[in-house]
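Note that the numbering runs from 1 along the sequence shown for the chain.
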Amino acid sequence: MTSEQIMNTGSMSGDCGSAQARARTHVQAYVQTQARQNGSSKDGSATNGPARNDSAKGGPSGRKHGLQRCHAMLRPVSLRALLPWLMSIIGIASALCLVIAWFPSTVWNTPIVSSDAPAHYYFIRRLLDEGLGAALHLWPHDSFYPPLFHICAYLVIKIAVLFGVQCSIYEAFNITWIIASGVIFPAGMLVLCRYFLQRWNRGNPISNPISRISQALSTSESSSVSESSNISNQQVPSAGNRQYHAASDATFVLQNLIGLFVPVLAVSSVCHPYGLLNAGPLIAFGFAMSLLPFLIAATLRLFDAIAAREHIAKWLAITAVAGVVCLVAHPRIAFTYALILVPFIVLRLPWKLILGAFIAMCVGAVAFVALMLTSFKSDRWANPDSWFHSHQPSKNLWESISFCLTDGLDGFPAILFALLLIAGTAAAFVCASRHAAARASDSFSSAASTVVPVASADVDVDASTSDIAVSAADSPVSVSCPPPASHSNATDAASASSESSRLRRNDRLRDVIALTAAFLLVALVYVCTVTLVGALPNIISAPWYRDENRIMTMLPLVALPLLVIGINALAECVSACAASASFAPSASSFSTKNSASSVPSLSSASAVSSVKNASFASNWIVLIAVFLVIAILAVSAQIVCPSRSAARDTIIAHSSLNQSDPNEQLTEQKIAVLRKVTKRTGTQATIISDPLNGSMYAETLFNANMLYPIINARTDVPSAPFGKVETAFASGDAQQVLGTVCPLTDAPEYFLTMGDQAQSLQSFPYRAQYDSFHNEELIDAYVDGGTLVKVADYSQYGQGWALYRFGCAD
């Protein structure tokens, strides 16, 4: 839920007494007005005798009756205010349970053995050793790495200590991932989807039969007898109000049912969060992706504030804070943020702000290119076709397109998701276009001159209150205690003017176009990454390293909101068609009766009643049908999920110590060796080894002091000790080796050999720079010259495995 919804919900449910007081005040004002009107009339009818005089005088029975009606209407408002909270909590709790049920149990005791995992474990260890001050220079060469995920894991450990619980680095890592993936991400998707639902349901269906009958009756009865006309005018709004409540209740329940299933659908796809835990894992980027829906929703609220020219400072501050948090999680998330927001910027902002936004994007792109050129030296920058030369397409064109349309689901759920997405998008375009056309055809003069009931289906609902369905029609004061006629007419005229200017923005159509465009942009980047080759696909996907795992995380951010408003539009279309079908005979019957007599009697009430019954049935039948469809999609996505299961199985395999290849990163033999090595050297001595043989895990498994426990050393940074050691060791010069290694620390320095590099890391592009660390001839030469002294032999675990001490004078 957005902050505005939370504040509005709290304000309505927190102080029922004040609401009742306001209701009493309004009732008394209304009664006094009626007394003045009755006192100024020349005579009264028999039907308006004692009871009306009692109310007009402000007698006990009138006040009591009015207060009872207002109090009765206050109770449903509280329930409606709590229902979105309840649905949100149930939905997020369900998503959390799904994430926990999926999570591999093996990684609670052993690390994930993959390319990036040791770095993240090392970052958490460094925070524990050096405190939060290390957050700005987590790399071993003291440069910046996005620290937010690791800070959260650090805090988990510290909080656990306060309760007397010892939490390991792996446990803190897993708990942080589960919270981000099972709570933060589904909650963010719920906020984002509710935002679009609010804007979509800001106005009611354009073809509401009750509104059309009311307008027709108002015109046809203008020349009839005044008393009969007054009776008819009293009956039609009453029936219209009841019909509006039926449609409003169905819409309200539909919004909350969709909100209930959004968190579940958010964690049903392999796109996010599961794929990133398997790929690397890409923890920092995944954490930023889990936070991104909040930033997008805040930015769209800022666009609304700019359009309305109110609360701009508030939403600007919220957006700035959310942006800083996301950037601290991972700066590269800015490319995803910009890609998704480009259509909204074009369609929702004034041209000056559009120009400014694109200038800012161009400046950011230039800065990014400059950073890449200065940080990564390459002779291929001028030839984009040679970028990512080792990349191979993983899907054909149809497979990549279908993956986007299905949001990464499998089997029957994938087919159902794609059908709902396509049909819903088409329905959304139809509804939005009809809505825009109908609003464009309405003139301000007709809206101001026609006396429309407060509960008219054409009255717009404010975005901040539509989510909890406390609209003008649902207000107890508006329905039970109408204000004086003169004041009501003035208010209606003013609100009609405001509504006319607001609805000219065509919010529905713009949202559909923008969401569809954002979806197509994401699909384009995905297809370029997994299917196409060449210079242009390389340039388009370069901000995401041409990595499928990073790019497919964007799909839920655009597919789910598009699905949500599409389902809402489908329900609206079906309900409107059913109600319109019953409107034709009812209107025809009324017209025939009305032509036979100059006085229309009460035939209008029967026409409205007929439409009301049909529309009531259609609204709730559609509601049940939508509930069943979404429930089937959400449940079946948990039953048919081979992609998620495959990701889980891969992680289990990576965290298993029973490996057939003895040179894999971690095996039972390597665990035993690393334990013995740490016991012999202690935790202060420096240990140097090939980072691709699994030795780097000794840092977090046994708190060993590995010189470089992550695998991408940079030699262009002055404070990169591992890069200097690697260069010196490969030189074959004993004096250079000792002159580089010995000054590292005051404690002894050791060298560990544990065989060749792991097969699972053969795709690492810089693996050749570590070949010298498992070059047996070079090692033997250093041993013969006294540069290395063997202190422990582990050949019983693997050929050539041994621990050496550098021959420093210490």
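Aromatic pair Phe344/Phe303: centroids not less than 6.0 angstrom apart. Ring centroids of Phe335 and Phe368 are separated by less than 6.0 Å, placing the two rings close together.
Of the possible donor and acceptor atoms, none in the side chain of Gln638 sits under 3.5 Å from a partner among the backbone N and O of Val635. With Arg648 contributing its side chain and Trp102 its backbone, the two residues share a donor-acceptor pair below 3.5 Å. In this structure, the side chain of Asn568 does not engage the main chain of Val564 through any donor-acceptor pair within 3.5 Å. Remark: side-chain polar atoms of Arg644 are paired, donor with acceptor, to backbone N or O of Ala637 under 3.5 angstrom. The main-chain N or O of Thr529 is found under 3.5 Å from a side-chain atom of His391 such that the two form a donor-acceptor pair. Side-chain atoms of Ser181 do not come within 3.5 Å of backbone N or O of Ile178 as any donor-acceptor pair. Between the side chain of Asn538 and the backbone N or O of Trp387, at least one donor-acceptor pair lies under 3.5 Å. Side chain of Tyr274 to main chain of Val267: a donor-acceptor pair is present (N/O by atom type, distance under 3.5 Å, no hydrogens or angles). Judged purely by atom type and a 3.5 angstrom limit, Thr319 uses its side chain to pair as donor or acceptor with the backbone of Ala298.
Atom CG of Leu409 is separated from atom OG of Ser269 by 5.0 Å, given to the nearest 0.5 angstrom. Of the inter-residue distances, the one linking Phe403 atom CZ with Glu548 atom CD reads 6.5 Å to the nearest 0.5 angstrom. Between the OG1 atom in Thr553 and the CZ atom in Phe285 there is a gap of 4.5 Å [rounded to 0.5 Å].
For the pair Arg348 and Asp507, the salt-bridge criterion is not met [side-chain N within less than 4.0 Å of a carboxylate O].
Geometrically, Arg550 does not engage Trp544 in a cation-pi contact defined by less than 6.0 Å to the ring centre and at most 45° from the axis. Geometric assessment of Arg434 against the ring of Phe429 yields a negative cation-pi assignment under the 6.0 Å and 45° thresholds.
Nearest approach of Val640 to Pro413, heavy atoms of both residues: CB-CD, 3.9 Å. A pairwise comparison of heavy atoms in Val99 and Gly182 identifies CG2-CA, 3.7 Å as the closest pair.
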- Check against side chain to side chain contact (heavy atoms under 4.5 Å, CB included), Cys528 and Leu524: CA-CA 6 Å; Cys528 287; Leu524 173 65; 4.0 Å; yes

Test salt bridge (charged side-chain N to carboxylate O under 4.0 Å, His left out) applied to Arg199 and Asp304, step by step
CA-CA 10 Å; Arg199 285 173 59 86; Asp304 291 343; 2.8 Å; yes

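Listed by chain and number, the residues in a side-chain contact (heavy atoms from CB on, under 4.5 Å) with Thr406 are Ala414, Ala418 (sequence neighbours excluded).
Between Phe627 and Phe261, the two ring planes are tilted [angle within 30° to 60°]. Note on ring orientation: taking the six-membered ring where Trp is involved, the planes of His272 and Phe185 are perpendicular (angle over 60°, cut-offs 30° and 60°). Using bins of under 30°, 30° to 60° and over 60° for the plane-to-plane angle, the ring pair Phe287/Phe149 lands in the perpendicular bin.
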